[in-house]
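Take a look at the structure below.
It should be emphasised that the depicted structure is a prediction, and the values quoted were computed from it without experimental measurement.
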Amino acid sequence: MLRKRQVHLDFHTSEFVPVGDKFSKEQFQSALKAGHVDSITVFSKCHHGWSYHPTEANEMHPTLKFDLLGAQLEACKEINVKAPVYISAGFDEKDFLRHPEWRCAVSADKERQKEYENEVHFHLLCFNTGYLDALCSQIEEVMVKYNPCGIFLDIIAPKICYCEKCQSDMKALGLNIENEKDREEFSQIVFNKYLDATENAVRKHSDTATIFQNQGHIPKGDYRYIEKNTHLELESLPTGGWGYDHFPLSAAYVRSLGNKEFLGMTGKFHHSWGEFGGFKHPNALIYEAGLSIMNGAGCSVGDQMHPSGEMNMATYNLIGKAYSLVEEKEPWLINAKNTADIAVLSAESITGDRDVKADTGANRMLLESNYLYDFIDETMDISEYKLLVLPDVSGISREMLEKVKAFLNNGGKVIASGEAIVENNKFLLDIGAEYQGKNEFSPTYLIPHYDTVNGVTEYLMRANSYKFNVTNGEIIASMQNPYFNRTIEHFCSHAHAPNNPEEEFAGAVINKNIAYIGWDIFSAYAIHGHICFKELFKAILEKMLGNEKTVTADIPDKAVVTFTHQEKEQRSMLHILYAHTTVRGKGTEVIEDTVPLYNINCSVKYNKKPRKVSLQPQNEELAFEYNNGEVKFTVPKVDIHAMVVIE
């Protein structure tokens, strides 16, 4: 079982810097204790290419005079801290310089490749060269010498490479280097070879060691990659460009896999990896740890050790402020499974695009609206969910389509948008309407048939839109076009033409247990964030899901709610998380001061009257009412994270 309080200890150290002269086993242990750390990833080899231990498979860092890795492993063992071992795989600057034949050629253009090679950063090596054998020798050496509990391999992913070896091997396979699909196919062949080779290098020496192959993103639907990992670590540094809504999206998919333990990997840094002297506010780390545990994950905090080998106590005092709270809550976290009312079919799993905006927008809407949801791919069972969302993108498989039809026939509810259920200019499902094609006008206007915060008027929709003729069902929103699209021949005002009230047609329809939205509403929300997009989605959700929601809580849009269950202990946990995020500098989203929430009224669907409702770990009992299958109670205060236990 994965431990819940991990540190990922970066140690990328140039050969021009002295290493290890201030390392002390006692000081190292003191830092881990101050941080309430129960697992720490320590380094065998870094991006610079140096090993931090005596080695025959590589070279030890030229300024290191002792076995630093061995000393760290011994220190961890003495205080019952697990210590997986890190090996840089995709980057090895030493070998990049010494072995030009191992270099990844990122471009067929020799001038562009030369520019890349002269840029001041780490450079990629090609797994289709002798480098892979060298890397596997390094892995095996660590396994034999130290028998670690796990191996963490970094900077790995399918890579398009134009090196001579790749071009020659592609030609031998009948693949054309000039063809994009052929290049992608070959990159996957090489990546699969890498995954098999490195897994074998570990498994030859241990059946139990954990293996994680880090590519900075868990690709939805890529089971070849997912199954090569014993667990998953979701790299997501909010201040490093990921933002605070990235981790909930990734976690919502990974937890639906069902058989993978996972960690949420954030950092102690103000910005991102490799930042010496960068610190975030303790409230931010408390929030991020809370976000991990409420989404079914353990925690991992990134740090970078000073080359001297001395651990920074300010860092571990910071980490301890978050991890001491996680430690107190651990009895209610072990084997706790998240509940979800809604499944979202991941657009990434259909398109292969990790940055697809439909997923981002759907995640934000559901997160901000405080619904319980998972993201799924087409292989997963949908029968236990109450509602399925099919967001924006086309390409649903025949198998998935049949699943959706069976889901509808069994009383499940579906919301589709954009081209998600469109093929050959026809709707794939009976929504009580005839598809008429993509609208030539952009932007368009929405007229709601429901209550909105600003009343009924024409709302700007910066989104692709689609026309359809309703034959049966309730039109819940109408659409109007502008007078004309903005062109050099005719334009109006600063941005776009006003709505043309002479023509109005359906924009969204509900027909029994299926709804269709005629805009790429989720993609548009990810880009523009207009409140009218979310109001439309919420109006449809309320009509279709209504009082079937498992959890209702009077919390603001910045708050996050999840609901978990421990089967063995026969108890459930309602998690509420809240902090105010602000943007500092150029696009860095941070948490500093927090504002508590008070007297939060909550209602939870529960199949029998509870014996007890309490705030934990405070062990503060809450008064509650139980009527018609619902538990109602009030949470007196949420100071970043509150956990209510129903048992």
Side-chain angles (χ1 to χ4, degrees), residues 1-13 23-44 46 52 68-69 71-88 148-154 210 212 214 231-240 247 261-270 272-280 282 284-293 297-327 330:
M1 180 176 291
L2 286 182
R3 295 194 173 180
K4 303 291 186 185
R5 294 169 277 121
Q6 180 157 307
V7 161
H8 185 93
L9 188 65
D10 261 7
F11 196 61
H12 303 291
T13 311
F23 176 80
S24 157
K25 180 176 73 172
E26 292 74 21
Q27 196 271 339
F28 187 79
Q29 292 173 332
S30 294
L32 299 184
K33 291 175 182 177
H36 292 254
V37 174
D38 61 8
S39 178
I40 183 168
T41 303
V42 289
F43 265 46
S44 164
C46 74
Y52 296 93
L68 177 58
L69 173 62
Q72 290 173 324
L73 292 172
E74 180 182 335
C76 289
K77 186 176 181 181
E78 287 181 0
I79 58 172
N80 190 29
V81 171
K82 285 192 173 182
V85 172
Y86 175 104
I87 299 174
S88 181
C149 66
I151 292 290
F152 185 110
L153 295 163
D154 202 12
T210 59
F212 180 61
N214 184 42
H231 67 286
L232 297 172
E233 302 193 24
L234 279 54
E235 187 176 353
S236 184
L237 281 65
T239 56
F247 174 75
E261 288 188 275
F262 65 105
L263 301 171
M265 182 189 286
T266 183
K268 69 96 178 183
F269 316 106
H270 172 66
S272 194
W273 293 109
E275 185 179 67
F276 293 107
F279 290 82
K280 61 182 44 163
L285 205 56
I286 292 169
Y287 179 92
E288 290 156 24
L291 193 61
S292 285
I293 62 175
C299 307
S300 177
V301 175
D303 177 30
Q304 176 146 260
M305 187 169 68
H306 190 277
S308 69
E310 183 177 10
M311 299 281 267
N312 185 290
M313 290 307 298
T315 292
Y316 287 85
N317 290 331
L318 164 63
I319 292 171
K321 289 174 181 175
Y323 275 3
S324 62
L325 300 176
V326 174
E327 187 174 16
E330 279 184 5

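When the options Glu235, His12, His8 are evaluated for a side chain to side chain donor-acceptor pair (under 3.5 Å) with Trp273, the one that passes is Glu235.
The ring pair (Phe, Tyr, Trp, His ring centres under 6.0 Å) check on Phe28 picks up Phe23, with sequence neighbours excluded. With sequence neighbours excluded, the residues forming a side-chain contact (heavy atoms from CB on, under 4.5 Å) with Ser272 are Leu237, Trp242, listed by chain and number. With sequence neighbours excluded, the residues satisfying side-chain hydrogen bond (donor to acceptor under 3.5 Å, both in side chains) with Ser44 are His53. Looking at residues two or more places apart in sequence or on another chain, you find a side-chain hydrogen bond (donor to acceptor under 3.5 Å, both in side chains) between Thr41 and Gln6. Listed by chain and number, the residues in a ring pair (Phe, Tyr, Trp, His ring centres under 6.0 Å) with Phe247 amount to none (sequence neighbours excluded). In this structure, Ser30 has no side-chain hydrogen bond (donor to acceptor under 3.5 Å, both in side chains) partners at least two apart in sequence or on a different chain. Residues forming a side-chain contact (heavy atoms from CB on, under 4.5 Å) with Asp154 (at least two apart in sequence, or on another chain): His47, Tyr86, Phe152, Asn214. A search for side-chain hydrogen bond (donor to acceptor under 3.5 Å, both in side chains) contacts involving Ser236 returns His246, not counting sequence neighbours. Ser24 meets the side-chain contact (heavy atoms from CB on, under 4.5 Å) test with Glu26, Gln27; sequence neighbours excluded. Not counting sequence neighbours, the partners of Ala31 by the side-chain contact (heavy atoms from CB on, under 4.5 Å) test are Met311, Met313, Tyr316.
With rounding to the nearest 0.5 angstrom, the CZ atom of Phe269 is 11.0 Å from the CG atom of Leu285. Here the SG atom belonging to Cys299 is positioned 10.5 Å from the CG atom belonging to Leu325, to the nearest 0.5 angstrom. Put simply, CG on Leu318 and NZ on Lys268 are 7.5 Å apart, with the number rounded to the nearest 0.5 Å. To the nearest 0.5 Å, atoms CD1 (Ile319) and OG (Ser324) are separated by 12.0 Å. Here the OG atom belonging to Ser88 is positioned 9.0 Å from the CG atom belonging to Leu153, to the nearest 0.5 angstrom.
Here the shortest heavy-atom pairing between Pro84 and Cys149 reads N-SG, 3.5 Å. Summarising the geometry of Leu32 relative to Cys76, their closest heavy-atom pair is CD1-SG, 4.1 Å, with the distance given to 0.1 Å. The shortest heavy-atom contact between Ala34 and Asn317 is CB-OD1, 3.7 Å. Shown here for Gly267 and Lys280, the closest heavy-atom pair between the two residues is O-NZ, 2.7 Å. Closest heavy-atom contact between Leu68 and Met305: CD2-CE, 4.3 Å. In this structure, Pro307 and Thr13 approach most closely via the heavy-atom pair CB-CG2, 3.8 Å.
Residue pairs meeting the salt bridge (Lys or Arg N to Asp or Glu O under 4.0 Å) criterion with at least one partner in residues 74-83, sequence neighbours excluded, are Lys25-Glu74, Lys25-Glu78. Contacts classified as salt bridge (Lys or Arg N to Asp or Glu O under 4.0 Å) and involving residues 1-10 (residues at least two apart or in different chains) are given here: Arg5-Asp38, Arg5-Glu327, Arg5-Glu330.
Between His231 and Phe212, the angle of the ring planes lies from 30° to 60°, which puts this pair in the tilted group.
Judged purely by atom type and a 3.5 angstrom limit, Ser292 has no side-chain atom pairing as donor or acceptor with the backbone of Ala297. When atom types are taken as modelled, the side chain of Glu261 and the backbone of Leu2 share a donor-acceptor pair closer than 3.5 angstrom. Side-chain atoms of Tyr52 never come within 3.5 Å of backbone atoms of Val42 as a donor-acceptor pair (strictly under, hydrogens ignored). A donor-acceptor contact shorter than 3.5 Å links the side chain of Gln29 to the backbone of Ala75.
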